[in-house]
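For reference, the structure discussed in these notes is given below.
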Amino acid sequence: MKKKKDIKSATSELTYKNYTPKAGDFDFLKNNETEVDKNYSSQNYWKDTLTRFFKNKMAVIALVVILIIVLLAIFGPMMNSYAYDEVNSSEANFAPRIPGLEWLPMFDGSEDVFGNKYELTGKLDVYYWFGSDHLGRDIWTRTWQGTRISLIISLFAVAIDMVIGMSYGLISGFFGGKVDSIMSRFEEIINSIPTLVIVTLLMMVLKPGLGTIIVALMITGWIGMSRISRAQMFKLKEQEFVLVSRTLGAGNMRLIFKDILPNIIGQLITNTMFSIPNAIFTEAFLSFVGLGIPAPEASLGSLISDAYSKSFLTHPYQILPPLIVLGLLMLSFNILADGLRDALDPRLKQV
Amino acid sequence: MLKNETAPLLEVQNLKEFFKINHNDKVKAVHGVSFKIYPGETYGLVGESGSGKSTIGRSIIRLYDITSGNVYFDGIRISAGTRWNEKEIKFTKIRTNKKVKELTSEMNKEIKEVKTEHANDKELSNKYIEEIKAKYKPQIEEAKKYCKEVVDREKGNIRSAKYDNKHFEEAYTKKLVTEIDEKYKPIFAEAKTEAKQKKAKEAYSKEVEKAKKTKLMPQMQMIFQDPMASLNPRKKVEDIVAEGLDIHHMYSSLTERRDIVLKWLKKVGLSVEQANRYPHQFSGGQRQRVGITRALVMNPKLIIADECISALDVSIQAQVVNLMKDIQEETGVAYLFIAHDLSMVKYISDRIGVLHLGYLVETGTTEEIFNNPIHPYTKSLLSAIPTPNPEVEKTKVPLFYDYATSNIDYRKGSEHLISGTHYVLGTDEEIKKWQKK
Amino acid sequence: MEKDKVLSIKNLSITFTTNSGDVNAIRGVDFDLYRGETLAIVGESGSGKSVTTKAAIGILASNGRINSGEVIYSFKNADGTERPINLLNFSKREMRKTINGKRIAMIFQDPMTSLDPTMKIGTQIMESMLCYPNKLKARYNDLITSENVDYKFAKKQNKQDYESKKDLIKESYKKDISEAKKKNQGVSDIKNDYKNKLKEIKTAFDNQNKNLDMNFKKSKSSIKEDCEKYRLSLLKKRDDKIAKATDEMKDNNDEEFIAQKNKEIESAKRDYISQTKVTKEYAKSRALELLKLVGITDAEKRINNYPHQLSGGMRQRVVIAIALACSPDILICDEPTTALDVTIQAKILDLIKKLQKKLGISIIFITHNLGVVAKVADYVCVMYAGKIIEKGLIDEIFYEPAHPYTWGLLSSMPDLNTNDKRLYTIPGSAPNLLHKPQGDPFTPRNKYALKIDTVVEAPMFKISETHYASTWLLDPRAPKVEMPKELKDRIEKMKGDFKNAKK
Amino acid sequence: MTKYILKRIGMAILTLIVILFLLFILLKLMPGSPFNDEKLSVDARAALYAKYGLDQPIYVQFFKYLINVIQGDFGVSYNISKNTAITVLIGNRLWTSIRIGFQAVTFGAIVGFLLGTVAAIKHNTIWDSLCTLISVIGVSIPSYVFAMFLIYYVAFKGGVFPLSYSESDPFGSSILPTLSLSMFTIASIARFTRSEMLEILDSDYMLLAESKGMYGAKLIFRHAIRNTLIPVITVLAPLIVGLMTGSLVVEKLFSIPGIGSLLVTAIQSNDYNVVIALSFIYSLMYIVIMLVVDILYGVIDPRIRVAKEA
């Protein structure tokens, strides 16, 4: 109700009813007294996009979460004295215990079935913030160590998307015709082998490890991106402003990089954001199947797999940290990508 | 408006443009269209959707490779299609092969006859066979020779067409240099003293240098239909306008670049501060002005305006048309004005060509087309345009024309001169019939 | 002869909420549409011409908000009674059930996108007929709708009355209390008094509401009764006919006679069905009829086509057939020929005119092309920046325009019969309504702008019974201004053309 | 249309042969030979090589392999259960996997489509936000995390459904795996449906339908749903593939005797022959699904099915 009143008061302006013309009001205006074609300033595209992005609270939160996880992945393992591969069998399967937070039932070091091992073993000055695993390794350190691997993989995913996927799609789309049909055929064949199969086979041929996972991603990870950039290229290269540049005599490189790319880079970045969770998931999946990073190295996938097979039903706390970090990471990247997409293409969100 | 004495700026000869959709289907967009545009004039190309008018514009500016025909710009052949030459080669070969086969089979038949007739006398039969062979050989040779001649000729044409398609800029430079040579011959001859000679030489080499830098294609520019789609949304107006300058390195410093841009922006009625804005901050009419400026900074001799006003509001259309006229008066640029709206075309064009289904059905000066339309399609087009005169409009009965049921076959027609420069496509009987009406 | 008003829009004002702020797209639009006439709304893009009509038939985009105004439609009931009713009081559901398609139909600009690509065109035409197949129910809906709208409106009014009365009492109470406190008098009396007053109006309000409810219930049941009666009468007619035929059959053994009577029985049954139900067969035959009406040859074949199999002109014909399916009173044509070629445009305009003559419908024709207006319209409204700036009979607008904007529009339209070398134009471009203009939004582009234009917008000055224009130039205090000479000459010449044409 | 289908089938067969060749090459590249049992004498090994044709040139081997595969013979398992024909090993497992996969796809597609439709119709309301939230979570969280969650809370703590798959109750015990598998499908379909539907709700023909008096469910069913379904079908194929990946882990978690868990076992016990055979089966299923979806698309969309008339 109030709002409507506001509007009404705002619109109660001068009309012919409440205005009495003064002398001279009926003189002609001189030419310079009005401005024909007023231009109203508005922000440029990127600033606009940023403003829209920061209006989206979820996306901003996701960005913050990602930043925190990145920081923890860098500094987390240094924050206590345990090393990620430090085995201490006398302190196996200790529940989480954090100094100062012991009043919280989650972090007091006790478990339903086994009681408080810290008290039982008399190691009252020992603290495993996230608990320890079946070999007595510190889960806090291992979790952040594993997160590092996931983040490194996501970096590579971005690089693969940008370098291989984008250029493949752009070239295929720009030149069209025979070049395109050959390149698309090749892509189709690669794409019709399930990623799962490719990755699995590769892992069997090569030695399991980070390098192999990256190679596997390289073979299949670029396809989605190349499809999108190809489609975008097809759409844009017939646009009139590109034709204009062509008639002005612009070369292919100029057309691709100066005319077309700035117009699609937003969508491509968004898509890259979507491919990060995919890459992280692939790693986690491979580790879970037993093809991932070999022990004692840790990755989120191998931590989850370990915790699941060794102690899921008995010590469920062991699986939680990597699981939560993985979930948060995936969720945040997805929300971030969504937010970016909406900011870049406001049509989807509607006015 | 007859400018027959001067050389045409643009000459389109028998332009054909077919597009492949897939292996079986071809869309024939343009069927042998020819016209000329003289310096400083406006040629209006009118037609409805699907008439191929935009295809013609884009083919001329080399956005598409043409299927057949020639396009000359400033006397230089800038594109040439080779499909007809290829066809000629293919069919000549087929014809020759057929003929050779016939001849050989005839010869063999005769030889066989001789062989059976003179089976006993081998010597005699051999002699006859030799004779027969001698009789047929020259014929076969001749047919083959003819075929080779045709193939060689056509191959030569194809080669030269392909060469021209790639090297027209060189040809243009050559042309400019010869012109300068011609110009300086008398000067050199007159310059008696050494100092004068030297001076002339300096001037000469300067001009040659400049000519070598001058390119042909930038002198043909295009304005597109959609004022929003034809401006890169991520670029500032200044950079959009200067794109051509950037590509051809037509300035020595950034201030010069800016000066050129601002000079032209002012000329089309945009302010200096607007140069730093992005396209989406402009209204439709202003955007089209930016599009025009972009073409103008290249100092073109010909601007192809492809439906450049049809996306604009009525009052803005008139603004843009007036602006284009002013610019023509000032710079002497020629326009190829492509539109579907005959009424606007009338205002701006000196001559008009009416396109229908890829055929140029009628062409002539604006007066000729409007005062004496001959072709039924032109007539229907003219009668369909609504005018802002209610009393007339309400009683007017538009003439309808349907190609499918009209019994007219454009393929059979040929160009007929009606008067002056007024040509109509049709057969003799058709033209007579139409003129009677 | 008094003309019959079908639709009249009064002081309509609409705001759109967008990312970059509120846009006052329509700022007080008035016009009347008379039966059997064509009203043209002319304006450039963004002038709000199609928003007005979309709001009138309840298909405004979701971010649009109607601030004020009325859309009075003369609602013809199934029983033949007719009464004016404000369409803005209808709910979306009521609009769709009783107005859209059945009384007011619309044709859109782009025939390429306005047909469902996955549905046969025949189905699309039949859809609106088969959407409410029960004619008796539809009849009831019709009759109840206007009652319902009135009832709801009265209730709303009642509530508003009550609220405003309450506010008044509250205010006076506050005043009294504060005064009493100043004077250190007891406040309990005032409080009691206040409570009583409130109770009083509350009971009045409740009573009124009860009354309304009762009345509505009454009229509802009476309508129900009416409908039932109507049904029974139809049923009786059928049964009578059947009984009569069977009666006659009894005494006669003539085979031919019996066959004839059987036929009569059949036809009586069929009549009843067709009076109570829209059958598929009927819908199909009607669709065929419509396709023929809009000039589509071999309709039997075309009815099974998908939209992509037809050309643009054909598709627009199909859209017209869809609009006509339920025989509406009003047809709104929103730039129906803008996306088409000129020769096809001429054919479609011809068709619309013929249909109007044949069916006697009223048409609102929205366009930016003055030539099209000249061809189809009886009455013209010229819109600029969300307001009608000049309206009048077609001849008045074209031969005696009064507003500088109309002058500009007319003279920037190229004319085939004159040989001007330059076109007169309006400088600049239409204002962005996101930024509220001060005074008359046309001022910056107006060659004849007065100082007062920068301060306030002009009212509608009456030029003749039918001709109005909103420009200060018509104020008696303003300097006398004639239209530009080029335009005047042109109009003179046009009049001459007309006379020549007549001869 | 027929020509188009034939062309697609041809392409699919060609792709399959290429894949098989790649797989075969990989098989050859695998470290060690299948018979690296140290107890085997050189002669015995040679005899085995000869028996399996491993001593012939590689293209001959491939050709033989190809013929065998066409006849449904993938050779024998070397490690999991020695000398059992892979066909036998796979046997019933294939149908179990396909059944659970089918359940998950059907359930996911229907629920996802409903969610997306609701979100689009109730655009910019709490329903919309809820659907968006569900779909973001569904896309982000791997299916095995859901599986664990379900195992721990529903089966272990809640005791509602069995912890693992059992042959005696093939449907009841497959509910949890189906649920965890279908999460991703639900989320993706809901997402895609929402954006497609929004576009369609905004289209001109919806406006025309409204202006001719259609409203409510009739309007949505007759115009919006039909037009949304067409593009949604195209995304089904990649989703089914995602499902395969998920099924690997989920089958393992619920100990379902399907080909997914077999593949995991084969990977973990280095039984290359089985891995290759299963990879081929996965590729085959994938290609067949893509083919079917492609053809289905053509059949459903009249713009493709009914040619334009001249």
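Just so you know, these numbers come straight off a predicted model, no measurement behind them. In what follows, every chain begins at residue 1, and chains take the letters A, B, ... in the order their sequences are listed.
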- Got C:V342 and B:D341 here, is their nearest side-chain heavy-atom distance under 4.5 Å? no

- Query: Between B:K394 and C:D378, is a side-chain contact (heavy atoms from CB on, under 4.5 Å) present by the stated rule, with each step listed?
  - Reply: CA-CA 10 Å; B:K394 288 204 164 147; C:D378 299 305; 4.2 Å; yes

- Answer whether the closest heavy-atom distance between the side chains of B:S343 and C:M413 falls below 4.5 Å. no

- Specify which of B:D326, B:V321, B:L381 makes the most heavy-atom pairs with chain C at under 4.5 Å. B:D326

- Taking only residues two or more places apart in sequence or in another chain, which ones pass side chain to side chain donor-acceptor pair (under 3.5 Å) with C:T338? C:E335

- Message: Testing the basics here: between B:S380 and C:T343, what is the closest heavy-atom pair and its distance to 0.1 Å?
- Response: OG-CG2, 3.9 Å

- Residue, of C:I397, C:L340, C:L370, C:I426, that accumulates the most heavy atom pairs under 4.5 Å with chain B: C:I426

- Return the option, out of B:P390, B:S49, B:A318, with the maximum number of heavy-atom pairs under 4.5 Å with chain C. B:P390

- Who wins among B:G269, B:A384, B:S315 for the most heavy-atom pairs under 4.5 Å with chain C? B:S315

- Query: What part of B:P398 gets closer than 4.5 Å to chain C, counting heavy atoms only: side chain, backbone, both or neither?
  - Reply: side chain

- Query: With side chains defined as the heavy atoms from C-beta onward, is the minimum distance between C:T425 and B:N322 less than 4.5 Å?
  - Reply: yes

- Query: Is it the side chain or the backbone of C:Q345 that comes within 4.5 Å of chain B heavy atoms, both, or neither?
  - Reply: side chain

- Query: Between B:N389 and C:A374, which heavy-atom pair has the shortest distance, and what is it?
  - Reply: N-CB, 3.8 Å

- Below 4.5 Å from any heavy atom of chain B, which atoms of C:K347 appear? Answer side chain, backbone, both or neither. both

- Query: Are the side chain of B:Q319 and the backbone N or O of C:G428 linked by a donor-acceptor pair below 3.5 Å?
  - Reply: yes

- Message: Checking C:D350 now: which residues fulfil side chain to side chain donor-acceptor pair (under 3.5 Å) with it, not counting sequence neighbours?
- Response: none

- Message: With a 3.5 Å distance limit and no angle check, can you tell me whether C:D341 reaches the backbone of B:E48 through a side-chain donor-acceptor pair?
- Response: no

- Message: Does any backbone or side-chain atom of C:Y399 lie under 4.5 Å from a heavy atom of chain B? Answer side chain, backbone, both or neither.
- Response: side chain

- Quick one: closest heavy-atom pair of B:V314 and C:H368, and the distance? CG2-O, 3.3 Å

- Item | Euclidean distance, B:E391 CD relative to C:M494 CE, rounded to 0.5 Å | 11.5 Å

- Query: Is the number of heavy atoms from other residues, nucleotides or ligands within 6.0 Å of CG (B:N371) greater than 12?
  - Reply: yes

